[in-house]
Amino acid sequence: MKIQVPSYLIEHKRGLVMFDTGLDPAAADDPERYYPTLHRSMNLQFLQEQRTDRQIQDLGYKLSDVTHVVASHLHLDHVGALHLFKEAQIFVGDGELQYAMWPHPTHLHLYQREALDRMRNYSWRQLHGTDFDLFGDGSLVLLSTPGHTPGELSLLVRLPNRTIILTGDTVHTREALERELTFPMDLDSRLARRSIQRLKLLRDSLGADVWIAHDPEDWAETKRAPYCYE
Ligand SMILES: [Zn+2]
């Protein structure tokens, strides 16, 4: 079974928005050195063409064209390429920065604190436990879905022809969504379950598709760049 670590690029007339950034592009040369635990435990494979920077450039953009990055949370497999976006505003959920710098010892291995330290002077925008409509037009709404981490965010994306909810690690598999199952690494299972229930309520009321980042079957059905959902 292969588990992917996706990132998403969204074109809006007021900006170019990333949701999550995947692994550090430099690690494609030597995954074992950058992600020893992932490499050991999950047989990490990282191809050059999967680098986030390369995929953005292949679409005809410069990295500096990215204006906003939404980090679902600060676990290392979601923010590896975040350092590439020095000019962008970076959005995280309530308490996420503090927890990443001082996590419970059992969660230490999920963060690359040195990398986060080097980004201290970036434009961080930490939300306060509420949803946030990024451009005020309802097209991109950051959803507060805590539990996996203190500030876990999902992203509601209203395209002209469909509505999608990107979930980061709010939920890990399709089965977990249906059966409202939390994940062993979740910081707060009670909150995590409430957030999963919230995703389902939104899915049903909005007629949205929920995309689950680490679900291999979901990924098999998802088209990759340069394909573009509209
Ligand atoms: Zn995570």
Side-chain angles (χ1 to χ4, degrees), residues 1-8 18-24 27 31 34-46 50 52 69-83 85 90-117 119 124 126-127 129 142-156 165-177 180-199 210-219 222:
M1 184 172 72
K2 271 192 183 164
I3 298 172
Q4 65 286 343
V5 286
S7 40
Y8 309 86
M18 292 282 300
F19 181 70
D20 284 345
T21 62
L23 300 175
D24 188 337
Y34 281 78
Y35 297 106
T37 313
L38 275 182
H39 191 265
R40 233 185 357 261
S41 62
M42 309 196 69
N43 184 28
L44 175 64
Q45 293 172 353
F46 190 1
Q50 293 170 329
T52 306
V69 181
V70 180
S72 66
H73 61 304
L74 296 177
H75 284 167
L76 52 81
D77 55 325
H78 293 256
V79 296
L82 191 56
H83 61 90
F85 305 103
I90 301 171
F91 289 83
V92 291
D94 201 5
E96 195 67 21
L97 283 167
Q98 290 82 348
Y99 190 74
M101 298 313 281
W102 204 293
H104 189 274
T106 54
H107 292 158
L108 259 179
H109 67 288
L110 299 170
Y111 295 97
Q112 285 189 316
R113 284 187 298 168
E114 299 77 15
L116 291 171
D117 241 342
M119 290 186 271
W124 296 93
Q126 185 162 261
L127 304 178
L142 285 60
L143 303 171
S144 173
T145 48
H148 179 64
T149 63
E152 175 80 23
L153 297 173
S154 303
L155 183 65
L156 176 65
I165 302 174
L166 305 175
T167 57
D169 280 359
T170 306
V171 62
H172 283 76
T173 63
R174 183 66 44 190
E175 186 195 9
L177 181 70
E180 300 174 8
L181 304 174
T182 58
F183 188 67
M185 273 298 161
D186 289 339
L187 178 66
D188 184 326
S189 306
R190 189 183 66 87
L191 273 182
R193 182 167 292 112
R194 278 171 49 163
S195 291
I196 291 173
Q197 290 166 343
R198 180 165 191 230
L199 290 179
V210 174
W211 284 8
I212 301 172
H214 293 312
D215 185 302
E217 287 174 24
D218 251 42
W219 190 241
T222 310

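We count ligands from 1, going down the list as the structure has it; atoms in each ligand are counted the same way.
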Exercise for the section: Quick one: sort the His75 and Tyr111 rings into parallel, tilted or perpendicular, breaks at 30° and 60°. Expected result: perpendicular

Q) Between the main-chain N or O of Asp94 and the side-chain N or O of Tyr99, is there a donor-acceptor pair closer than 3.5 Å? A) no

Taking 2.8 Å as the strict upper bound, the Zn ion (ligand 1) has protein N, O or S neighbours numbering 4

side-chain hydrogen bond (donor to acceptor under 3.5 Å, both in side chains) with His73: of Thr145, Asp20, Thr149, Asp169, only one passes, and it is Asp169

Between His148 and the options His172, His214, His78, the ring-ring contact (aromatic ring centres under 6.0 Å, His included) test singles out His172

- Query: If you draw a 6.0 Å radius around CZ in Arg194, do more than 12 non-hydrogen atoms from other residues or ligands fall strictly inside?
  - Reply: no

Checklist entry - Which class fits the ring pair Tyr8 and Phe19: parallel under 30°, tilted 30 to 60°, perpendicular over 60°? => result tilted

